[in-house]
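Step one of this worksheet: look at the structure below.
Atoms within a ligand are numbered from 1 in the order they appear, just like the ligands themselves.
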Amino acid sequence: MAKLYFYYASMNAGKSTQLLQSAFNYAERGMRTLLFTAAVHDRAGHGRIDSRIGLEAEAIPFDATTDLHGTAVLATNDGALGCVLVDEAQFLTRPQVLQLARICDELDVPVLCYGLRTDFRAELFEGAAALLALADVLQEIKSICTCGRKATMNLRIDQQGNAVTHGAQTEIGGNDRYVALCRRHFMDRVRA
Ligand SMILES: Nc1ncnc2c1ncn2[C@@H]1O[C@H](COP(=O)(O)OP(=O)(O)O)[C@@H](O)[C@H]1O
Ligand SMILES: Cc1cn([C@H]2C[C@H](O)[C@@H](COP(=O)(O)O)O2)c(=O)[nH]c1=O
Ligand SMILES: [Zn+2]
């Protein structure tokens, strides 16, 4: 039986790198994959997955209106799918996570989701909350804070490097806008 996986981490932990390695692995074995990424996350351009290590791939951009299950069904008409890979899974809606579960359960295709657990205020993203509730396998991808502890939190910073504690949940950016920290150092910065 195919499974729904949620690989979660803070920013800059290697999520996109691992996704692209998995996609390559399937391709090496002659298996077709379907790649999705959030349309709003246009750091590498619309519909592109990029990793800081330099790997890149084209992906289907999704927004809240995208029918992921329908797209997978259409794709299986052209031949079997080895797996579905979703980057920036924190931007999924809960109904879309339920669609991904149907891809596993009804089409018997594994779905591997990669994304953030929490936002800059340490609140769950909708997609992460749904995946934490519904995924068969939860796996943390670990990265480290400047102190050597595990970096689990995402601090949003302004141009001067000061902590930002208010604002919209979605704000696209990279290492210039966010720093991954352990909880203790995250709290030190947001309380300062
Ligand atoms: N040239 C490089 N060589 C090795 N690792 C790198 C290089 N550039 C960035 N990285 C590492 O890649 C990781 C970030 O990968 P990425 O897939 O972009 O992360 P995420 O998708 O989780 O934000 C970081 O651990 C960073 O240290
Ligand atoms: C913490 C946080 C992040 N984001 C955005 C910033 C980036 O565009 C993506 C995460 O990218 P990565 O592949 O993990 O490097 O999410 C956001 O919109 N709001 C936040 O609170
Ligand atoms: Zn720390």
Side-chain angles (χ1 to χ4, degrees), residues 5-25 33 35-64 66 85-93 96-97 112-132 135 138-159 161-192:
Y5 298 80
F6 183 32
Y7 297 97
Y8 64 91
S10 56
M11 285 182 66
N12 202 23
K15 299 180 297 299
S16 301
T17 305
Q18 286 198 19
L19 182 156
L20 293 168
Q21 285 179 325
S22 291
F24 192 87
N25 217 232
T33 56
L35 271 60
F36 290 101
T37 190
V40 71
H41 180 87
D42 54 1
R43 220 166 51 193
H46 191 66
R48 285 200 76 75
I49 297 176
D50 70 322
S51 70
R52 291 169 180 80
I53 205 164
L55 302 172
E56 280 195 39
E58 249 182 72
I60 301 169
F62 72 82
D63 62 24
T66 308
L85 297 138
V86 183
D87 204 12
E88 307 300 337
Q90 69 273 12
F91 294 124
L92 293 165
T93 63
Q96 285 176 323
V97 172
L112 283 61
C113 298
Y114 295 77
L116 302 177
R117 183 173 58 164
T118 54
D119 67 12
F120 72 111
R121 298 159 308 176
E123 303 276 358
L124 288 172
F125 283 94
E126 179 178 345
L131 282 162
L132 290 170
L138 301 173
Q139 194 168 316
E140 189 173 26
I141 300 173
K142 295 176 183 70
S143 66
I144 52 165
C145 178
T146 47
C147 68
R149 290 190 190 87
K150 190 168 68 176
T152 53
M153 317 301 289
N154 302 299
L155 182 77
R156 184 180 285 173
I157 53 173
D158 63 18
Q159 283 183 338
N162 300 312
V164 175
T165 55
H166 294 89
Q169 183 180 57
T170 301
E171 190 162 314
I172 301 311
N175 297 354
D176 53 329
R177 293 306 322 274
Y178 295 93
V179 187
L181 294 172
C182 71
R183 186 179 57 230
R184 176 180 168 177
H185 285 122
F186 174 84
M187 292 302 176
D188 283 352
R189 294 285 301 274
V190 295
R191 283 195 197 119

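Among protein heavy atoms, atom 21 (O) of ligand 2 sits closest to Phe120 N, 2.8 Å. The nearest heavy-atom contact from the protein to atom 10 (C) of ligand 2 is Glu88 OE1, 3.4 Å. Closest to atom 5 (C) of ligand 2, if we only count protein heavy atoms, is Glu171 O, 3.6 Å.
The distance from ligand 1 to the heavy atoms of Ser16 drops below 4.0 Å at these ligand atoms: 17 (O), 21 (O). Distances below 4.0 Å separate heavy atoms of Thr17 from the following atoms of ligand 1: 15 (O), 16 (P), 17 (O).
Considering backbone and side-chain atoms together, Gly173 places an N or O closer than 3.5 Å to an N or O of ligand 2. When only interatomic distances are considered, the shortest N/O to N/O separation between Lys15 and ligand 2 falls below 3.5 Å.
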Could you pull out every donor-acceptor pair under 3.5 Å between side chains of residues 178-192 and any protein atom, sequence neighbours left out?
residue : atom : partner : partner atom : Å
Tyr178  : OH   : Arg156  : NE           : 3.0
Tyr178  : OH   : Arg156  : NH2          : 3.0
Tyr178  : OH   : Glu171  : O            : 2.6
Arg189  : NH2  : Gly161  : O            : 2.7

For residues 142-150, which side-chain N or O atoms pair as donor and acceptor with protein atoms under 3.5 Å away, sequence neighbours left out?
residue : atom : partner : partner atom : Å
Ser143  : OG   : Ser10   : OG           : 3.2
Lys150  : NZ   : Glu140  : OE1          : 2.7

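Distance check: Asp87 CG to Phe36 CZ gives 12.5 Å after rounding to the nearest 0.5 Å.
For the Zn ion (ligand 3), protein N, O or S atoms closer than 2.8 Å were enumerated as Cys145 SG, Cys147 SG, Cys182 SG, His185 ND1, with waters left out.
Compare Asp50, Asn12, Ile144 by their heavy atoms: the one nearest to atom 26 (C) of ligand 1 is in Asn12.
Looking at residues two or more places apart in sequence or on another chain, you find a side-chain contact (heavy atoms from CB on, under 4.5 Å) between Ala38 and Val40, His41, Phe62, Glu88, Phe91.
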